[in-house]
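Okay, structure first, notes after.
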Amino acid sequence: MKSQRPIAAEEEHRVVPFRPRSSPVRRVTEGGSPPIQLHRRERPTLDLSRYEQPREEPDDFRHRILANIAAIAFTVALTAIGIWLAMSIADLRKTQDCLLTGRHDCARIITETYTP
């Protein structure tokens with residue numbers, strides 16, 4: 001069984017100063033003299049411009065708008081079909097529940113008025 005480590009004396013404690021990465025590097029000297037500035041080589045800013053490639057054709061704004069309109073129309077149509085399907089299934093379920101309870105007047109009768 002390992003024995004627990006005793007609490008260290010105050011002389012053994014040491015504070016490590018952390019500095020922001022954007023500031024220049026400072027070397028701390030012993031004996032209380034002011035820190036010495038060490039200049040670091042600045043790295044170039046990393047952005048996506050180095051991955052850009054020139055386009056062979058200019059951007060076709062009209063084609064992009066038409067594609068967006070088609071996508072929105074398709075999404076609206078799909079949503080409408082989904083709502084209609086959900087309502088139809090709910091109506092069929094209601095009719096089936098009515099029939100399973102033993103009732104005979106569950107079917108919906110649509111009457112049209114005829115005016116000559």
(message) With a 4.5 Å cut-off on side-chain heavy atoms, are Thr101 and Asp97 touching?
(response) no

Find the distance between [atom1] ([X]) and [atom2] ([Y]) and round it off to the nearest 0.5 Å.
X      : Y      : atom1 : atom2 : result
Leu100 : Cys106 : CG    : SG    : 9.0 Å
Arg55  : Glu57  : CZ    : CD    : 9.5 Å
Cys98  : His104 : SG    : NE2   : 10.0 Å

(request) Looking only at non-hydrogen atoms, find the nearest pair between Leu99 and Arg103 and report the distance. (result) CD2-O, 3.8 Å

(message) If hydrophobic clusters are built by linking Ile, Leu, Val, Met, Phe, Trp and Tyr wherever their side-chain heavy atoms come under 4.5 Å apart, do Trp84 and Val76 end up in the same one?
(response) no

